[in-house]
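This is the structure I have questions about; it appears just below.
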Amino acid sequence: MKQNGIDTFFGKRIWIIGASSGIGEACANALMASGAKVALSARRVERLNIMAAKAKDNHWGSALIVPLDVTEQSQVEEGYQTILNLWGGLDILLFVSGVYVPLRADNFEYEAAKKTIDANLIGPMGAVATVLPHMLRAHCGHIAIVGSVAGYSGLPKALAYGPSKAGIINFCETLYYDLLPTGVSVHMISPGFVATEATAQNDFYMPALISADQAAQAILQGIKKGKFDIHFPKRFSGFLKFLRILPYPIYFWFVRRFLAI
Ligand SMILES: NC(=O)c1ccc[n+]([C@@H]2O[C@H](COP(=O)([O-])OP(=O)(O)OC[C@H]3O[C@@H](n4cnc5c(N)ncnc54)[C@H](OP(=O)(O)O)[C@@H]3O)[C@@H](O)[C@H]2O)c1
């Protein structure tokens with residue numbers, strides 16, 4: 001049994017949460033350029049306004065601005081209601097939003113860990129809980145969530161980020177299993193390093209670094225094809241997939257040897 005893909009994004013109603021920068025912004029621009037109707041969500045409304053104005057100038061598909069904070073579930077629900085009122089439904093939820101705070105054992109802070117889990121794991125769960133009832137009734141729709149290869153297995157400086165993304169992997173796997181017979185597609189997106197505001201703070205070498213536009217292309221192609229497991233760039237994500245099946249002593253040796261950051 002294979003889940004549904006999409007022939008064209010033209011005219012599709014797409015909600016991008018985390019659209020104001022980086023991977024989300026690149027996805028939004030590509031989708032609007034394809035003629036999709038895109039609802040842009042994030043906290044920095046001024047950046048969303050600039051994106052919508054650019055879409056208008058270029059005569060791209062329409063943009064709807066839905067400012068929200070994913071850690072406030074009432075704002076997510078209100079945002080969805082706005083979309084329903086204007087569009088009557090939603091074809092794709094693309095949850096991109098995420099935060100990264102480098103945390104190691106020697107600076108591990110409860111508040112930073114809680115904020116990360118709230119934004120990266122509880123946030124997507126809240127958005128899915130909001131859109132799922134309508135998609136289930138309609139027997140169609142797409143739920144795409146951006147996790148990270150950092151969720152595959154433990155990596156340095158990711159003491160809260162890693163668990164939040166590991167949670168996304170498990171959440172998507174379980175969602176996929178439940179939704180496959182219903183006609184609702186699930187896309188689990190695991191990027192490697194992408195050059196964005198989030199990674200600009202990294203003070204170490206990032207192997208196989210790609211641009212946000214390249215990441216957006218990989219994501220949108222994967223959704224079109226109906227893929228569940230969308231991971232990229234393959235030379236890096238494939239290597240990390242291999243690492244996680246190794247016995248722990250070998251795994252930790254590799255991490256220490258090649259990712260000693
Ligand atoms: N860049 C990478 O190398 C990489 C690798 C693997 C996975 N990822 C994942 O890819 C996703 C996008 O990351 P990025 O690199 O593009 O980062 P980014 O440029 O910092 O973008 C993050 C986006 O999330 C939004 N956001 C953050 N907290 C939010 C909140 N509480 N409520 C609403 N929106 C919020 C931000 O908007 P506002 O600040 O305006 O709210 C922004 O639009 C994240 O989930 C990240 O974990 C990135």
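In listed order, ligands and their atoms are each counted from 1.
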Heavy-atom gap A19 to ligand 1 smaller than 4.0 Å: yes
Within-cut-off N or O pair, V70 and ligand 1, under 3.5 Å: yes
Among L40, D118, V194, V99, closest by any non-hydrogen atom to atom 1 (N) of ligand 1: V194
Verdict with reasoning, V38 to F9, per side chain to side chain contact (heavy atoms under 4.5 Å, CB included): CA-CA 10 Å; V38 182; F9 289 118; over 6 Å; no
Residue and atom name of the nearest protein heavy atom (relative to atom 31 (N) of ligand 1), distance in Å to one decimal: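 Its nearest protein heavy-atom neighbour is D69 OD1, 2.9 Å.
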Enclosure of K114 NZ (heavy-atom neighbours >12, cutoff 6.0 Å):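 No.
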A119 and ligand 1 - part of the residue with a heavy-atom distance under 4.0 Å: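 None of A119 does.
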Subset of ligand 1 atoms that lie under 4.0 Å from at least one heavy atom of G22: 16 (O), 19 (O)
Whether over 12 other heavy atoms sit under 6.0 Å from K241 NZ: yes
Any L68 heavy atom less than 4.0 Å to ligand 1: yes
Subset of ligand 1 atoms that lie under 4.0 Å from at least one heavy atom of A198: 15 (O), 17 (O), 20 (O)
Closest contact, heavy atoms only, V186 versus C172: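 Closest approach of V186 to C172, heavy atoms only: CG1-O, 3.9 Å.
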Other residues, nucleotides, ligands: >12 heavy atoms within 6.0 Å of K234 NZ: yes
Ligand 1 contact by Y100, heavy-atom criterion under 4.0 angstrom: no
Contacting atoms of ligand 1, where contact means under 4.0 angstrom from a heavy atom of Y161: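 Listed by number with element, the hits are 6 (C), 7 (C), 8 (N), 9 (C), 46 (C), 47 (O).
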Nearest protein heavy atom with distance in Å, relative to atom 12 (C) of ligand 1: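 That would be V96 O, 3.4 Å.
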Contact summary for A28 and L40, nearest pair of heavy atoms: CB-CD2, 3.6 Å
K12 atom NZ: more than 12 heavy-atom contacts under 6.0 Å: yes
Protein contact of atom 36 (C) of ligand 1 - nearest heavy atom, named by residue and atom, plus distance: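 Going by distance alone, atom 36 (C) of ligand 1 is nearest to S20 OG, 3.7 Å.
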T196 contact mode with ligand 1 (heavy-atom cut-off under 4.0 Å):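 T196 to ligand 1: side-chain contact only, backbone stays beyond 4.0 Å.
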Proximal ligand 1 atoms for I23, defined as those under 4.0 Å from one of its heavy atoms: 10 (O), 16 (O), 48 (C)
Heavy-atom nearest neighbour of atom 24 (O) of ligand 1 within options S164, S97, G192, S148: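 Comparing heavy atoms across S164, S97, G192, S148, the nearest one to atom 24 (O) of ligand 1 lies in S97.
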Heteroatom proximity flag, T199 to ligand 1, N/O under 3.5 Å: no
Whether A212 lies under 4.0 Å from ligand 1, heavy atom: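 The answer is no: ligand 1 sits nowhere under 4.0 Å from a heavy atom of A212.
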E25 near ligand 1 by a heavy-atom separation under 4.0 Å: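 Contact check E25 vs ligand 1: negative.
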Option with minimal heavy-atom separation from atom 7 (C) of ligand 1, where the choices are G151, A150, G147, G98: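 Going through G151, A150, G147, G98 one by one, G147 has the nearest heavy atom to atom 7 (C) of ligand 1.
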Close approach, S41 and ligand 1, non-hydrogen under 4.0 angstrom: no
Atoms in ligand 1 with a heavy atom of F193 nearer than 4.0 Å: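 Answer for ligand 1: 3 (O).
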Non-hydrogen atoms of G88 and R13 that approach each other most closely: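 It is C-NH1, 3.8 Å.
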